[in-house]
Every structure is written in C-alpha cells, then in structure tokens.
Amino acid sequence: MTSVEFLAWVRGPMFQIAVAIFVVGVVIRLIEIFALGRKADLSEPRGGETMPGIVTVFRRSIPDPGTFKRSPFTIVLGYLFHIGLFITILFFVPHIELFHDVLGVQWPGLPTPLVDAVAIISIFAMLAILVNRLRNPVLRFLSNGEDYVVWAATLLPLVTGYFAFHRMLFPYQTMLGLHILSVEILLILFPFTKLMHFFTSFVARWYNGAAFGRRGVQS
Amino acid sequence: MGSAVEQNVRAITVADRLRAQGISRRGFLKFCASTASLMALSPAMVPAIARALENARRPSVIWLSFQECTGCTESLTRSHSPSVESLILEQVSLDYHHTLQAASGEAAELARETAMQENQGKYLLVVDGSIPVKDGGVYSTIAGITNVDMLNEVAAGAAAIIAVGSCAAFGGIGHARPNPTGAMPVSEIVTDKPIVNVSGCPPIPTVITGVLAHFLTFNKLPDLDDLGRPLAFFGQSIHDRCYRRPFYDKGLFAESFDDEGARKGWCLYRLGCKGPATYNACATTKWNQGTSFPIEAGHPCLGCSEPDFWDMGSFYRALSIPTEDTTRTLVYGVGTGAVLGAAAAAVARSRKSKAKAAHYKVSVNDLEEST
Ligand code: SF4
Ligand code: SF4
C-alpha cells in the first residue's frame, strides 16, 4: 500500500466504518442505560428534582477545595487537557470543514498559531498525567489496562495531528493518514470504554443531584 | 530516409544545432545552469552538463500515445518556444509520434518498426495515456494492434521508458472509478525496464525536458521518489513552496472565490486546495513560460500529479473532508443503533421481569423446615 492509497483508504471506507461503529455503539449503550429504568420512588418528595440536578451538573464540574488540596495535579492537568482537546477538535479550521460537511453547520475557527499552542499544552498535560498516574501509588493501584489504552487513544490524535500540521516525521500523506487513522481508532474504542463518560458523566451528575433534591438534601 | 543519411543526421550534436539556430553559447550555458539548479545538481556540474549536451548524439525516441487526451503533447509543444528547451526536443530524433508525425497509416507503423530495429536496446520510449487491458485490450487500438500489445513490443527493445502524464504514470482519468476499460499505468505492464514517471495532468513541460536533458547528459535516469518520479522536481510539495503558505500558517483562508480573503490572496485550503498532499514543481517552475501557476491565478491545486487524484473527492472540498457521505452513515447509524438498542433493552427487561417472577420470599419457618 502506497502512502497515497493509505490516505485514500482512511479518508474513504475506513472513516465510514469508524463512524458507523461509533454511532451504533453509542446509541445502543445510551438506550440500554435509559431503558433500564428505576423502581418508582413512592416516598413523598421533599424537594424538586430538576433544579438541584442542573445545579449539580455545574457544581460537580468545579472541584471543592478539599479535593483540590488533595490532588491538585489531577485536577489542573485534567482541566488543561480537556479544554485543550475541546479547542483543538472544535476550532481548528480543517476540523470545522469536516463538521460542516457532516453536520451542515459551521462556526468561526481560531487562529492556527493559537490552536497550535493549545495542542502542545494538551500534549504535555497528558504526558504529565501519565507520569502522575504512574508515580502516585493510589492512582496506579486504581488504574487498569483500559485506562492506559484510553489514554493512548486520546493522546495519539493530538500528537499525529501536530506532526501532520508541521509536516514532520513522514511524508505528508502518510502523516495525515496516521492522524485520521488515530481518530478512527478513538471513535471505534469510544462506545466500549470509559470514553463514554463524554455522554454519561453529565447525565450521571444530573441524576445524583435530582435524587438528592427529592430527598431534600442540599446539593 | 536512407540509412547513411540517417546516420549523418544522428551525428549532428546539440552544439551544431544551436549554432544553426543562432542560439548564443551564453544562452546555452544559461539553460545548462537552470537545468542543473532545477535538477538540484551542484553548479560545478554545469560545464559537465554543457559538454555532455554539446556532444550528445541524437537518441531515437519513440512516443506512444494510448488512452489520452493529447494534453500532455500540447503541454510539451508549448515549452517556451523558441528556447533551448525546445531545442533539446528537436535534438531527440522523434521517430514516431501519432500526433506530431506527418506520416500516417502503414508508413507511420513502418517508421516505428524501422526505428525499433535500428536502435534495438538503445531507444527511449515515451508513453502518454493509460493502457486498457479489459476484454483483451480492445478499447484502444492503433493500426489494429491493441495498446497493451504495442507497449509490450516496443518496451522490449527500449533502453528506458518515460511515462509522461498522470495517465501513463498512474492510470489517470481512464483508471478513475469505475475504470470501465481496465486502464493501467505503464509500470503495471512493463516491469523489467527503468521507468520514470513524469506525472501531472498535464505535466510541466520543463520537467519533461529536464528529464530528457538528464538522460542525454548522464546517459541514465535521474533519482526517483517512491512513486518513480524524478526527485528533483517532485521532492517538495506545492504547499511547501506556495507563496500563500504564510496565510495558511496564520489561519487566514478564502471561503469563496470572490470574498475578501480571495481578493487578499489568502490560502485556498477551504476551497479544496490539495497542495499540502501534492508533490510537483508548479510553485517553483511555474507555467506559461514561468508566468504563474494555478494557485497564483486564484484556483486551488487539484493534486493532479498524485495517483488517483480523480477519486479523492470533489476538487472543491477541503482535504480534511472524508471522500464518502458521512452524514448518511451517521443517520443510518443512529437508526441501526436505535433498533439494536431497543432490542437489547427488551432483552434486559424480560430478563429482569423473569428474575422478578422467579423470586419468591423465604421465611424463617421455610428455612427451618428445609433443614
Ligand atoms: S493555497 Fe494550497 S498550497 Fe498554498 S498554502 Fe494554501 S493549502 Fe497550501
Ligand atoms: S497546481 Fe496542482 S493541480 Fe495544478 S498543475 Fe500543479 S500539481 Fe497539478
């Protein structure tokens, strides 16, 4: 397979396969989760559900001082790379072209040098996260193979994308192909791993807050 | 033409021709210098190139045109004439070329056969156009001979082959999906001869003459990249040498052909420019006697010197856009996911209610009885 054939394959059939697995997998899992249902709560509600739910979604996104003091690294680095990922994925102009093609909507991009800087920060944040995870005995104990796979699958698109933009390492077709392939791997792993937290974490937070609200507990 | 006269004509060197055409030695050396720099050779090579070219004898060239549009020949014959480049072309003995030769019919085929016999193992074969092989190659024939047969026959006695244009090099438009004629590039049919791919749709005239000059000078083919293209011309991408590159790096893009960005000369990536993934010399060598190249005229690069560029999605959609319809995959995916999800949920629910039904309460008394 030449580099041109490789690029044609990841831009063509392989991309569709990855998107199909991603969508089908995510939809199945979400329906499964929601259709599971809960036993009717027959107790008399002591407060509302909706507002406490929404409040919790936001409040749980802000670390409380105690947690922050205990693990500042995890929180700062975690925030850095999540925001960095968000910016590089959504505001790099070539990516916007992709979203425009698939979803039919577009939005203004950010200047490329800014996205470039954010990508570098995210890459270093992710490397620091790994070091932190390996050095902290508790974190290391809590981590299993999946955590490392998910970490690598998230880092790879960033690194290959950086190399492709700067035309480093391999001829451009190969590097761009590797970048797209790494995204496809991420899409395929998504529904079957902790990456699903992208969809479930806010739902879970809302549910927690709503349950507390019903019992009259301040969230 | 008698054989003795023929020999005589062949004995005429480039130097003689230059003098006859009134080209100064200075002009000739300038050509040698620009050829050297184009081919990324050291300036110290210029005298050697000049000497070699001056004494070079006319090699016989057979030019075969197969499934093509004549664009490559058009491009070549427009190489800055009158110039030293065109002289290089005159310097080769173009013994057979469908479009350019005066002879036709049997006389033309005779010229080809004579050239082959007289220069066995020494002539250069230039091919433009792809070769259809489906159904016995019937989709393109010349004098009743299929292209594939003619190529095999002529290639057997050639010293080297130059595949001119993306069709001969990679199959080109004939090879584009669904490839109804089974079109193939030269390199998939002839595997035992040195082949240079001078790709492009059409290729840059200077690149064709540059390769010829290299062959005349060094009597061998230039260094090639992994797609068989001369590295000197195809070593860098359009994007690497594009004068709009600073705008790309800053993230300033034209979004339509007549917006402010387009007027200001911003990068054409969003309008579909394939320059980042295209290796060719347009940005440096330029077209029309060095006037400009497509991106300079405000049009994105189509990627015409890369294999299968016809099948890489629309010319006007960005390189980052997948070549197939992702929206459709997304919609079908949601539908399939919903059906499978509902089925999975139904299975889970029935298991849940079965478990519930199978569940019975056990009292202390029951336990005591059982012991
Ligand atoms: S116009 Fe094309 S080749 Fe030039 S910088 Fe933009 S993307 Fe690259
Ligand atoms: S700019 Fe691109 S499409 Fe145009 S001739 Fe050059 S390589 Fe071909």
Side-chain angles (χ1 to χ4, degrees), chain A residues 2-5 7-37 91-104 106 109-116 164-167 171-173 176-177 179-180 191, chain B residues 170 225-227 235-237 239-240 247-253 255 267 269-272 275-279 303 306-309 311-314 317-349 352:
Chain A
T2 65
S3 54
V4 178
E5 283 163 354
L7 180 59
W9 178 66
V10 293
R11 283 181 75 211
M14 189 54 210
F15 193 79
Q16 304 306 317
I17 292 171
V19 168
I21 293 176
F22 169 77
V23 184
V24 173
V26 166
V27 172
I28 289 180
R29 285 205 62 184
L30 288 180
I31 290 181
E32 245 182 353
I33 293 169
F34 290 125
L36 213 58
F91 294 101
F92 183 51
V93 170
H95 296 166
I96 295 176
E97 284 294 323
L98 169 66
F99 288 114
H100 186 205
D101 177 68
V102 180
L103 305 174
Q106 61 172 334
L110 285 174
T112 315
L114 186 68
V115 179
D116 194 33
F165 174 75
H166 290 279
R167 308 179 75 78
Y172 186 71
Q173 283 110 329
L176 179 65
H179 174 58
I180 298 174
Chain B
F170 307 131
D225 70 3
D226 60 343
L227 292 171
Q236 277 178 311
S237 71
H239 184 73
D240 286 331
F247 296 115
Y248 174 90
D249 289 338
K250 278 189 214 132
L252 297 174
F253 301 98
E255 286 176 43
C267 170
Y269 184 91
R270 302 188 89 162
L271 293 173
T278 305
Y279 291 78
E306 296 298 324
D308 295 327
F309 76 103
D311 292 331
M312 298 295 172
S314 164
R317 299 205 316 165
L319 188 58
S320 58
I321 296 176
T323 46
E324 287 170 29
D325 187 351
T326 317
T327 314
R328 197 184 52 194
T329 308
L330 207 65
V331 171
Y332 285 168
V334 170
T336 314
V339 172
L340 293 177
V347 170
R349 272 179 177 249
K352 200 167 130 187

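Keep in mind that the numbers below use all heavy atoms, side chains included, and drop hydrogens, waters and symmetry copies. All figures in this text were calculated on a predicted structure; none of them were measured in a lab. In what follows, chains carry the letters A, B, and so on, assigned in the order in which the sequence lines appear, proteins first and then strands, with residues in each chain numbered from 1.
Residues B/Arg270 and A/Ile96 are in side-chain contact: their nearest non-hydrogen atoms beyond the backbone lie under 4.5 Å apart. By the 4.5 Å heavy-atom criterion applied to side chains, A/Val4 and B/Met312 are counted as neighbours. Looking at A/Thr112 and B/Lys250, their side chains never come closer than 4.5 Å, going by heavy atoms from C-beta outward.
Taking chain A as the reference chain and counting heavy-atom pairs below 4.5 Å, the highest number among B/Ala344, B/Ala338, B/Ala345 is found for B/Ala338. Among B/Gly251, B/Ala277, B/Pro307, B/Gly335, the residue making the largest number of heavy-atom pairs under 4.5 Å with chain A is B/Ala277. The candidate with the highest count of non-hydrogen atom pairs below 4.5 Å against chain B, out of A/Gly104, A/Gly12, A/Pro171, is A/Gly12. In terms of heavy-atom pairs under 4.5 Å with chain A, the best-connected choice from B/Asp308, B/Thr336, B/Asp325 is B/Asp325.
Screening B/Leu340, B/Val339, B/Val334, B/Thr329 for a side-chain contact (heavy atoms from CB on, under 4.5 Å) with A/Val24, the sole residue that qualifies is B/Leu340. For the pairing with B/Pro322, the side-chain contact (heavy atoms from CB on, under 4.5 Å) check across A/Ile180, A/Leu98, A/Val10 returns one residue only, A/Leu98.
Heavy atoms only, all atoms of each residue included: A/Phe165 and B/Tyr248 are closest at CE1-CE2, 3.4 Å. Closest non-hydrogen pair, A/Pro94 versus B/Tyr269, comes out as CB-OH, 3.5 Å. Between A/Val102 and B/Thr327, the closest heavy-atom pair is O-OG1, 2.9 Å.
Contacts of B/Leu319 with chain A are made by both backbone and side-chain atoms, with heavy-atom separations under 4.5 Å. For B/Phe253, the part sitting under 4.5 Å from any heavy atom of chain A is the side chain, from C-beta outward, and nothing else. For B/Asp249, the parts lying near chain A are the backbone and the side chain together; criterion is any non-hydrogen pair under 4.5 Å. At a 4.5 Å heavy-atom cutoff, the contact between B/Glu306 and chain A is made by side-chain atoms alone. For B/Arg328, no part lies near chain A; criterion is any non-hydrogen pair under 4.5 Å. Heavy atoms closer than 4.5 Å to chain A are found in the backbone of B/Ala342, but not in its side chain. Neither the backbone nor the side chain of B/Phe309 comes within less than 4.5 Å of any heavy atom in chain A. The contact between A/Arg167 and chain B is made entirely by side chain atoms (from C-beta outward), counting heavy-atom distances below 4.5 Å.
In terms of modelled atom types and a separation under 3.5 Å, the side chain of A/Arg11 and the main chain of B/Ser320 share no donor-acceptor contact. B/Arg349 contributes a side-chain N or O that, together with a main-chain N or O of A/Ala35, makes up a donor-acceptor pair within less than 3.5 Å.
In this structure, CD in B/Glu255 is found 7.5 Å from CD in A/Glu97, a value given to the nearest 0.5 Å. How far CD1 of B/Ile321 is from NE2 of A/His95: 12.0 Å, rounded to the nearest 0.5 Å.
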